[in-house]
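Single-structure report; data block below.
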2 protein chains.
Amino acid sequence: MAVSLDATDRKILRALQADASQSLEEIARQVGASKTPVWNRIRKLREAGVIRRQTAVLDPEALGLEACFFVLIRTSEHEAEWQKAFLKALLDRDEVLEAHRLAGDIDYILKVRVENARAYDVFYQALISEVRIYNVTALLSMEEIKSTFALPIPD
Amino acid sequence: MAVSLDATDRKILRALQADASQSLEEIARQVGASKTPVWNRIRKLREAGVIRRQTAVLDPEALGLEACFFVLIRTSEHEAEWQKAFLKALLDRDEVLEAHRLAGDIDYILKVRVENARAYDVFYQALISEVRIYNVTALLSMEEIKSTFALPIPD
DNA sequence: TGTGAAAATGTCAGGGC
DNA sequence: GCCCTGACATTTTCACA
C-alpha cells in the first residue's frame, strides 16, 4: 500500500482527478512530459491500485434524488454475527453511498441518498427490521455546500 | 433540472457510473443500441448537466491520507456575513471533501480527509480561528465500510 | 437510428539520453 | 533506468442516408 509517488505521478493524479476525460496528450503537456512515460505511469498507478476506477459524476437532483441524510447509529450489539448482517445490509442497498464504523460514542455513520423523506422512511424501516439497532439519529441535509471525491494531493 | 430520462438513458448512466473508461462501442452493446444514438444521448446528458464530469477515483491510503473525520458543527451565528466567511473557509480547504448545511439541532456536517490525527488538529485549529463556531464534535472513522459516488438509478 | 469515413487518440516498438 | 520519436491500431466524432 505504501506506494512511492514522485512529483510527476502526483501531477498526473491531480490532472486525472480534475478531469479524467482529458486526452493523454493534454495530460502529458500539463505535466511536462511526452505521452509514453505518462501512459506507463498511469498503467502502473492503476495496477498498484492508486487509481481505483474511472467514473462519471452525476447530478443527484437530475435523477430525482432530492434528499440526502446522514444517519448516526448506536448499537448494543458487537458480536461478529450481528456485524456481518449489518454490513451485508449496507452493502446491498444502493441508497447507502457511504458507511463508516466509528470510534467512540456513535458506532456507525451512513450517508444515504433517496428521492424524498418518505423514501428515507422506507429505507429506515427496512434497515431496522433487518438488524437490531439501539439508537438512530437522522440528519437531513438542506444544502450541499460541497461534495467531491477529489483528494488533496500534497506536493 | 427536471430532465426526463428514458430506460436507455438510465442504462447509459449506469454503465458510465460503473466504468467511465469503457469505449462507446461497449456501452452501445450493453444498452442494446449502436454507437451514434448512444453518443448523441451522452452529449445531451452532459449538456443538460446530468453528467457533471468524469473523474478518477483514487485510493486515499495510497496517498497517505489515513484519517477520515466526520465533523458535526453547531454555531450561534446565523448572519449572512458569518455564513459567507464559513462557506469560503470550507470551499478553500481541499481536505474538506463534503460539507452540508443541516436541518435541526446540528447546523453543519463535514467530511474531512487528512494524513493523521495531528493533521486534523491543524485543520481544526485553523478553522476555528477563522470563523466563530459554538460547538464541534469530531467522529473518527475506524473503517470505511462503503464509499461510492454511484447513485442509485431507478428503472 | 444506423452506416461509414475522417480526425483524434491510445498503444507500443525501437533507439537515445 | 527512464524518456522521446514516430508508426500503427483503435476509438471518437460527425456528415449523410
Q) When you check the gap from the basic side-chain N to the acidic O, do A:R101 and B:E143 get nearer than 4.0 Å? A)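 Yes, A:R101 and B:E143 are salt-bridged.
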
Q. Counting only side-chain N and O atoms of A:W39, is one of them less than 4.0 Å from OP1 or OP2 of C:dG10?
A.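 Answer is no, no contact under 4.0 Å.
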
Q) Distance from B:I153 atom CD1 to A:L58 atom CG, nearest 0.5 Å? A)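 One finds 5.5 Å between CD1 of B:I153 and CG of A:L58.
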
Q: Mind checking the CG-CZ spacing from A:D9 to A:R41? Nearest 0.5 Å is all I need.
A: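 Spacing of CG (A:D9) from CZ (A:R41) equals 4.5 Å.
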
Please state how far atom [atom1] in [X] lies from atom [atom2] in [N], giving the value in whole angstrom units.
| X | N | atom1 | atom2 | result |
| --- | --- | --- | --- | --- |
| B:R46 | D:dT12 | CZ | P | 11 Å |
| A:I27 | C:dA8 | CD1 | P | 18 Å |
| B:E25 | C:dG4 | CD | P | 14 Å |
| B:Q22 | D:dT12 | CD | C1' | 15 Å |
| A:I42 | C:dT9 | CD1 | P | 14 Å |
| A:E26 | C:dG10 | CD | P | 9 Å |
| A:I12 | C:dG10 | CD1 | P | 13 Å |
| A:K44 | C:dT11 | NZ | C1' | 16 Å |

Of the listed nucleotides [options], the one nearest the side chain of [X]:
| X | options | result |
| --- | --- | --- |
| B:R41 | C:dT3, C:dA13, C:dT1 | C:dT1 |
| B:K35 | D:dT12, C:dT1, C:dT9 | D:dT12 |
| B:L24 | D:dT12, C:dT3, D:dT5 | D:dT12 |
| B:S23 | C:dT1, D:dT11, C:dT9 | D:dT11 |
| A:T36 | D:dT11, D:dG6, C:dG2 | D:dG6 |

Q.
B:Q30 and side-chain hydrogen bond (donor to acceptor under 3.5 Å, both in side chains): which single residue from B:K11, B:R14, B:Q22, B:E25 fits?
A.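 Of the listed options, the one satisfying the test is B:Q22.
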
(Q) Under the side-chain hydrogen bond (donor to acceptor under 3.5 Å, both in side chains) test against B:R74, which residue among B:T137, B:D105, B:D107 passes? (A)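 Result for side-chain hydrogen bond (donor to acceptor under 3.5 Å, both in side chains) with B:R74: B:D105.
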
